[in-house]
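Note sheet for the following structure.
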Amino acid sequence: MATFVLVPGGWHGGWYYSGLAVRLREAGHRALPVTLSGIGERAHLNGSAVNLDTHIEDVLAVLASEQVTDAVLVGHSYGGMVITGVADRAGPGVVRRLVYSDAYVPQDGESCWELTTEAFRQLFLEGAAGDGHSVQPPPGLDPRTTAHPLASFLQRIVLGGEGLDRVTTRDYVYLSGWSGTPFAGVYEKLSADPGWRTHVLESSHNVLRDAPDEFEQILLRGE
């Protein structure tokens with residue numbers, strides 16, 4: 001039995017993984033969808049002080065309270081920033097595998113702001129124009145999406161390196177079926193790295209709507 005800890009992307013709560021969580025449990029695994037501070041049912045916690053560190057601590061708290069070991073951390077889009085920080089800070093035996101789903105893979109000192117495209121940087125700024133710290137969801141997303149803390153997109157990650165070195169398996173799932181993706185270069189780089197297993201799905205960025213079965217199979221293939 002594997003324990004999948006599921007971290008959503010920007011503007012999305014743990015609800016994004018509800019269907020996948022059911023299927024993983026039916027397959028005999030443990031699945032823990034996470035809602036990050038300031039988003040979804042935790043939107044009341046949004047504020048200027050909520051940043052990337054807050055979200056990393058959110059997931060670390062889940063790992064501790066649920067007594068998780070040998071976790072498979074799954075991060076979609078912005079969630080890649082979070083699972084990278086979690087793996088870096090987690091103790092020995094806590095995180096075994098990282099799965100990045102069309103996600104940012106930061107190095108020490110990099111932020112989502114720096115890693116994304118100019119179009120997304122403009123979206124962040126325009127979306128936060130109301131109060132200066134809450135980025136409103138882009139049009140066309142699920143009606144359950146909520147504002148996302150701007151500081152989490154801006155903060156540079158601090159990585160010490162020891163925790164990440166203990167991760168034994170890393171997967172990158174590139175979703176090739178949408179225009180304007182900031183992840184093509186990430187996939188090209190990692191596909192040439194023998195330390196990574198890379199996969200391509202001809203899906204929009206919303207893989208759990210457009211290719212849920214294929215994505216589930218990638219998760220289960222490594223277990």
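What you see is a predicted model, and the numbers here were worked out from it, not measured in a lab.
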- [ ] Please examine the side chains of Leu159 and Gln107, heavy atoms only from C-beta on, and report whether any two atoms are closer than 4.5 Å.
- [x] no

Open item on the list: Check whether Asp88 reaches the backbone of Gly160 with its side chain - one donor and one acceptor, N or O, closer than 3.5 Å.
Closed with: yes

TODO: Take the angle between the ring planes of His205 and Phe183 and call it parallel below 30°, perpendicular above 60°, tilted in between.
DONE: parallel

Task: Steps toward side-chain contact (heavy atoms from CB on, under 4.5 Å) verdict (Glu216, Leu20) - done: CA-CA 7 Å; Glu216 180 187 2; Leu20 175 63; 4.0 Å; yes

Task: Distance (rounded to the nearest 0.5 Å) between Arg170 CZ and Ile83 CD1 - done: 10.0 Å

- [ ] Decide side-chain contact (heavy atoms from CB on, under 4.5 Å) for Arg156 and Leu52; before the verdict, give the C-alpha distance in whole Å, the side-chain angles of both, and the deciding distance to 0.1 Å.
- [x] CA-CA 8 Å; Arg156 292 175 176 172; Leu52 176 58; over 6 Å; no

TODO: Taking all non-hydrogen atoms of both residues into account, name the closest pair between Tyr104 and Cys112 and its distance.
DONE: CE1-SG, 3.6 Å

Task: Glu214 atom CD, over 12 foreign heavy atoms within 6.0 Å - done: yes

Open item on the list: Do His76 and Tyr17 pair up side chain to side chain, a donor and an acceptor below 3.5 Å, judged on atom types alone?
Closed with: no

TODO: Measure the CE-CD1 distance between Met81 and Ile157 for me, rounded to the nearest 0.5 Å.
DONE: 5.0 Å

- [ ] For the pair Tyr100 and Tyr172, name the ring-plane relationship: parallel under 30°, tilted 30 to 60°, perpendicular over 60°.
- [x] parallel

Open item on the list: Could you see if Val135 belongs to whatever hydrophobic cluster contains Val50? Use Ile, Leu, Val, Met, Phe, Trp, Tyr and a side-chain cutoff under 4.5 Å.
Closed with: no

Open item on the list: Between Leu154 and Ser111, does the side-chain contact (heavy atoms from CB on, under 4.5 Å) criterion hold? Intermediate values first, please.
Closed with: CA-CA 6 Å; Leu154 301 179; Ser111 67; 6.0 Å; no

Task: Contact summary for Ala147 and Asn46, nearest pair of heavy atoms - done: O-ND2, 3.9 Å

Open item on the list: Restricting to non-hydrogen atoms, name the atom on Ala151 and the atom on Ser48 that form the minimum distance, rounded to 0.1 Å.
Closed with: CB-O, 4.0 Å

TODO: Answer yes or no: are there more than 12 heavy-atom neighbours, outside Gln67 itself, under 6.0 Å from its atom CD?
DONE: no

Open item on the list: Measuring only between side-chain heavy atoms, which start at C-beta, is Trp113 closer than 4.5 Å to Leu125?
Closed with: yes

- [ ] Before accepting this row, confirm whether a basic side-chain N of the pair Glu26/Arg23 lies closer than 4.0 Å to the acidic partner's carboxylate O.
- [x] no

TODO: Report yes if some heavy atom in the side chain of Leu115 is under 4.5 Å from a heavy atom in the side chain of Pro106; otherwise report no.
DONE: yes

Open item on the list: Please evaluate residues Val68 and Val62 with respect to the criterion side-chain contact (heavy atoms from CB on, under 4.5 Å), reporting the C-alpha separation (whole Å), side-chain torsions for both, the decisive distance (0.1 Å), and the verdict.
Closed with: CA-CA 8 Å; Val68 175; Val62 170; 5.6 Å; no

Task: Side chain to side chain, Asp102 and Trp178, heavy atoms closer than 4.5 Å - done: yes

Open item on the list: Within the 3.5 Å criterion, strictly below it, is a donor on Trp15 or Asp142 matched to an acceptor on the partner's side chain?
Closed with: no

- [ ] Working to the nearest 0.5 Å, report the span between CG of Asp58 and CG of Leu63.
- [x] 11.0 Å

Open item on the list: Please tell me whether Val158 and Val86 are part of a single hydrophobic cluster in this structure, the criterion being side-chain heavy atoms less than 4.5 Å apart.
Closed with: no

Open item on the list: Tell me the closest heavy-atom pair linking Tyr78 and Gly10, and the distance in Å.
Closed with: CB-N, 3.7 Å

- [ ] May I ask whether Leu60 and Leu45 are part of the same hydrophobic cluster, defined by side-chain heavy atoms of I, L, V, M, F, W, Y residues being less than 4.5 angstrom apart, directly or through others?
- [x] no

Task: Worked check of side chain to side chain donor-acceptor pair (under 3.5 Å) between Tyr174 and Thr181 - done: CA-CA 10 Å; Tyr174 173 52; Thr181 174; 4.9 Å; no

TODO: Determine whether Leu150 and Leu141 fall in the same hydrophobic cluster, where Ile, Leu, Val, Met, Phe, Trp and Tyr are linked whenever their side-chain heavy atoms lie under 4.5 Å apart.
DONE: yes

- [ ] State whether a side-chain donor-acceptor pair under 3.5 Å links Thr169 with Arg197.
- [x] no

TODO: Nearest 0.5 Å please: distance from the CZ atom of Phe215 over to the NE2 atom of His199.
DONE: 9.5 Å

Task: Arg166 and Val95, any side-chain heavy atoms less than 4.5 Å apart - done: no

Task: Thr198 and Tyr187 side chains, donor-acceptor separation under 3.5 Å - done: no

Task: Test item: Asn206 and Tyr16 side chains (from C-beta on) under 4.5 Å apart, heavy atoms - done: yes

- [ ] Could you check His12, Arg42, Glu41 and say which one makes a side chain to side chain donor-acceptor pair (under 3.5 Å) with Thr35?
- [x] Glu41

Open item on the list: Which residue in the set Leu98, Leu6, Val99 passes side chain to side chain contact (heavy atoms under 4.5 Å, CB included) when paired with Leu73?
Closed with: Leu98

- [ ] Determine whether Leu36 and Val59 make a side-chain contact, defined as any pair of heavy atoms from C-beta on separated by less than 4.5 Å.
- [x] yes

Open item on the list: A side-chain contact here means heavy atoms from C-beta on lying under 4.5 Å apart; do His55 and Ile39 qualify?
Closed with: yes

Open item on the list: I'd like to know if Val22 and Val74 are part of one continuous hydrophobic network [Ile/Leu/Val/Met/Phe/Trp/Tyr, side-chain heavy atoms within less than 4.5 Å].
Closed with: no

TODO: Over all heavy atoms of both residues, which pair between Ser77 and Gly9 is shortest? Give the atoms and the distance, please.
DONE: CB-CA, 4.2 Å

TODO: Using atom types as modelled and distance alone, determine if a side-chain donor or acceptor of Thr3 lies under 3.5 Å from a backbone N or O of Arg30.
DONE: no

Task: Nearest atoms (heavy-atom pairs only) where Ser101 meets Leu175 - done: OG-CD1, 4.4 Å

Open item on the list: Quick one: does any side-chain atom of Thr146 pair with a main-chain N or O of Gly40 as donor and acceptor, under 3.5 Å?
Closed with: yes

- [ ] Using a strict cut-off of less than 4.0 Å between a Lys/Arg side-chain nitrogen and an Asp/Glu carboxylate oxygen, indicate whether Asp53 and Arg89 qualify as a salt bridge.
- [x] yes

Open item on the list: Just verifying a value: how many Å separate Asn51 CG and Glu57 CD, rounded to the nearest 0.5 Å?
Closed with: 10.0 Å

